[in-house]
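See below for the structure under consideration.
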Amino acid sequence: MKNVGKYTRQYFMPPVPSMKWTQKEYVDKAPIWCSVDLRDGNQSLIVPMSLEEKLEFFQYLCKVGFKEIEVGFPAASETEYEFLRALIEQNLIPDDVTVQVLTQSREHIIRKTFEALKGAKRAIVHLYNSTSVAQREQVFKKSKQEIIDIAVFGAKMFHQIAEETGCHYQYEYSPESFTGTEMDFALEVCNAVLDVWKPTRNNKVIINLPVTVSHSMPHVYASQVEYMCDHLNNRENVIVSLHPHNDRGCAVADSEMGLLAGADRIEGTLFGNGERTGNVDIVTLALNMYSQGVDPLLNFQNMPEVVSVYESMTNMKVYERQPYAGKLVFAAFSGSHQDAIAKGMHWRAEKDCPHWTVPYLPIDPKDVGREYDGDVIRINSQSGKGGIGYLLEQKYGFHLPPKMREDFGYTVKSVSDHAHKELSPAEVHDIFQKTYVNIDADIKLMDYHVKRNGDFHVTVTLEINGRTKEIDGRGNGRLDAASNAIKHNLGIQYTIYQYQEHALEQGSTSQAAAYVGISGKDGKITWGVGIHTDIVTASIMALISAINRMPQLPVTTD
């Protein structure tokens, strides 16, 4: 591409090696979660949420399990000020939930922020100012010391106003544009703020290290976070928080590696909504932990509901391939994938396996409110016999013989291919019924009687091309006797290749399904299915269905 020379690295590695995080394998416990959907997420919407929508969304975030929720920048927007007051005055903040508000390091803004919080039982007041080289040089045109002075001024104002008002809340500081700041300078600013706030075990301070703009690969951010964790003053009384944005598509990886590096807390949004490419996607991050056997302490058991609420509140859409949440993320169209999933499901049931190891599915879709028959096995022209058979089994209770699965698979793929569309489970079931079940086009079963005297003697009454005919046959079983009657009296030559039966439902009025495959002179296997409350009737109907489906069926009524 042209102009590549105009770009250069804008990040800074720590001045000392910071790589201990590489020795850790995975994140072994949930961080403190802080939703910023109502602030960072809301400000990035084309049409920001109304007061009523924000109130509804806040309550849903509480339902999901967030214990810290950033509700806005009350000094910067009348709507956000009114929203915070409504939460407090209407007593909508649960006792175990802490609201968080954002403020710049300016006295009148800080004062209005504390005013907006009056009456809140618990709150985090979040102070920030930019520290990066680009911001210092281009936007604020200030020296490093002047940047430190801004941060320290705001930190002191917090104490002063708290003493004046008697409102004592938890404090948070962010060196905004942290990832574009020299690490030793970022540390100096944060430590200057900590020296003012003097955190204690019972009054911890949050130091938030935002990926305001993503400049590097995730391992660089992890090293930056580890450096800060190792050198912050009073670290045991500091909660290190991360706020990754997704400019390079690395927000989830930044967060996971940052947690390995010592961070305690994550600020993010549902599905990654936020400025530009968005914030870190908390749904993905939490369920990544879940897939490793770590409880994320957030409830995403009804993912369709989470998606619906999010889309309704934000007018944004969750992409079909969004991890864990998109409509297609568990879907398998490929025949080989479907076959592996179906076999994995059966293996899991047979072995009573306590752990989830099904091929192609990182978590059990049911654990997030999804269904196997509509969400996992999806049928189109690329689908295979295993998936199609598994869908019929799970949704409708049909256990097709393996060879019949193959035959039906080709039938379904042909329909999908010619229609150029995906087929719903109902459409697949309809094709199955019309193709195989109780087919009576040329020959129709009217009645039968069975006698047994050593072997079986069956009298079958048929309607053949509109004419009634009664035929007899003997055999070593009821189906064998009925088959011999048909072959000897109607001049049809075939061999029964396979017979299989099972109950479709439980109870006294349950139906039975019978499957018959017959082989003609050419060796081609033709399948038929019979469904009836009586298994013998079902088996004879399956045989007649197969015969009716034979190519160039020769039938005589003489």
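Not measured: the values here are computed from a predicted model. Computation of the quantities below employed the complete heavy-atom set of this structure, encompassing side-chain atoms and omitting hydrogens, waters and symmetry-equivalent molecules.
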Is Glu146 salt-bridged to Arg136, going by a charged N under 4.0 Å from an acidic O?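 Answer for the salt bridge query: no.
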
Ion pair check, Lys118 and Glu89, cut-off under 4.0 Å: no

Would you please indicate yes or no on a ring centroid separation below 6.0 angstrom for Tyr60 and Tyr310? no

Would you please indicate if the ring centroids of Phe178 and His243 are separated by under 6.0 Å?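 Phe178 vs His243: aromatic centres not under 6.0 Å.
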
Within 6.0 angstrom of [X] [atom1], more than 12 heavy atoms from elsewhere:
| X | atom1 | answer |
| --- | --- | --- |
| Glu78 | CD | yes |
| Phe140 | CZ | yes |
| Lys366 | NZ | yes |

Point-to-point distance, once rounded to the nearest 0.5 Å, from [atom1] of [X] to [atom2] of [Y]:
| X | Y | atom1 | atom2 | value |
| --- | --- | --- | --- | --- |
| Gln224 | Leu187 | CD | CG | 12.5 Å |
| Leu194 | Asn234 | CG | CG | 7.5 Å |
| Leu61 | Glu56 | CG | CD | 11.0 Å |
| Leu84 | Ile93 | CG | CD1 | 6.5 Å |

Please walk me through it: do Arg85 and Glu80 pass salt bridge (charged side-chain N to carboxylate O under 4.0 Å, His left out)? CA-CA 9 Å; Arg85 294 311 306 160; Glu80 295 193 4; over 6 Å; no

Begin with the C-alpha distance, continue with both residues' side-chain angles, and end with the deciding distance and a verdict on side-chain contact (heavy atoms from CB on, under 4.5 Å) for Ile207 and Leu209. CA-CA 7 Å; Ile207 293 295; Leu209 306 176; 3.9 Å; yes

Contacts of type side chain to side chain contact (heavy atoms under 4.5 Å, CB included), residue Cys250, not counting sequence neighbours: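 With neighbours one apart ignored, the set is Pro218, Arg248, Asp254.
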
Measure from the side-chain N and O atoms of [X] to the backbone N and O of [Y], and report whether any donor-acceptor pair falls under 3.5 Å.
| X | Y | result |
| --- | --- | --- |
| Asn279 | Gly268 | no |
| Lys24 | Leu260 | yes |
| Gln338 | Ala332 | yes |
| Thr269 | Gly41 | no |
| Arg9 | His215 | no |
| Ser312 | Ser308 | no |
| Thr277 | Glu275 | no |
| Thr181 | Ser132 | yes |
| Glu311 | Val318 | yes |
| Asn299 | Val64 | no |

With sequence neighbours excluded, what pairs up with His126 under the ring pair (Phe, Tyr, Trp, His ring centres under 6.0 Å) test? none

Residues that His219 engages under ring pair (Phe, Tyr, Trp, His ring centres under 6.0 Å), provided they are two or more places apart: none

Classify the ring geometry of Tyr171 against Trp197: parallel below 30°, tilted from 30° to 60°, perpendicular beyond 60°.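 Geometry flag for Trp197 against Tyr171: tilted rings.
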
Look at the rings of Phe73 and Tyr128 and say which category their plane angle falls in: under 30° parallel, 30 to 60° tilted, over 60° perpendicular.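 Ring orientation, 0 to 90° scale: perpendicular.
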
Output, in order, the C-alpha distance, side-chain angles, deciding distance and verdict of side-chain contact (heavy atoms from CB on, under 4.5 Å) for Phe66 and Cys34. CA-CA 7 Å; Phe66 286 100; Cys34 178; over 6 Å; no

I need the minimum non-hydrogen distance between [X] and [Y], along with the two atoms involved.
| X | Y | value |
| --- | --- | --- |
| Ala116 | Ile88 | O-CD1, 3.5 Å |
| Pro31 | Ile266 | CG-CG1, 3.8 Å |
| Pro323 | Thr284 | CB-OG1, 3.7 Å |
| Val238 | Arg235 | O-NH1, 2.6 Å |
| Asn246 | Ala251 | OD1-N, 2.9 Å |
| Tyr290 | Ile363 | CD2-CG2, 4.3 Å |

So Asp28 and Gln292, side-chain hydrogen bond (donor to acceptor under 3.5 Å, both in side chains) or not? Walk me through it. CA-CA 9 Å; Asp28 60 3; Gln292 303 296 305; over 6 Å; no

Given ring-ring contact (aromatic ring centres under 6.0 Å, His included), test Phe158 with Phe114 step by step and report yes or no. CA-CA 9 Å; Phe158 274 32; Phe114 274 81; 5.7 Å; yes

Whether the [X] and [Y] side chains hold a donor-acceptor pair (N or O, under 3.5 Å, no angle test) is what I'd like checked.
| X | Y | result |
| --- | --- | --- |
| Gln135 | Asn129 | no |
| Asn208 | Ser241 | yes |
| Thr212 | Ser177 | no |
| Asn288 | Glu256 | yes |

Pairs involving [range], ordered by first then second residue, that meet salt bridge (Lys or Arg N to Asp or Glu O under 4.0 Å) (sequence neighbours left out):
| range | value |
| --- | --- |
| residues 206-231 | Lys20-Glu226, Lys20-Asp230 |
| residues 34-49 | Arg39-Glu70 |
| residues 98-116 | Glu107-Arg111, Arg111-Glu164 |

Does the pair Val71 and Gln100 meet the rule for a side-chain contact (heavy atoms from CB on, under 4.5 Å), with working shown? CA-CA 6 Å; Val71 295; Gln100 177 172 305; over 6 Å; no

Step by step, work out the side-chain contact (heavy atoms from CB on, under 4.5 Å) result for Lys421 and Ser416. CA-CA 6 Å; Lys421 71 168 190 173; Ser416 176; 5.6 Å; no

List the steps and the verdict of salt bridge (charged side-chain N to carboxylate O under 4.0 Å, His left out) for Lys204 and Glu236. CA-CA 9 Å; Lys204 293 187 176 183; Glu236 67 276 11; over 6 Å; no

Could you walk me through whether Glu267 and Arg265 pass the salt bridge (charged side-chain N to carboxylate O under 4.0 Å, His left out) check? CA-CA 7 Å; Glu267 295 185 350; Arg265 182 176 184 267; 2.8 Å; yes

Side chain to side chain, Val152 and Asp149, heavy atoms closer than 4.5 Å: no

Apply side-chain hydrogen bond (donor to acceptor under 3.5 Å, both in side chains) to the pair Asn233 and Asp195, showing each step before the final yes or no. CA-CA 8 Å; Asn233 293 343; Asp195 289 343; 3.1 Å; yes

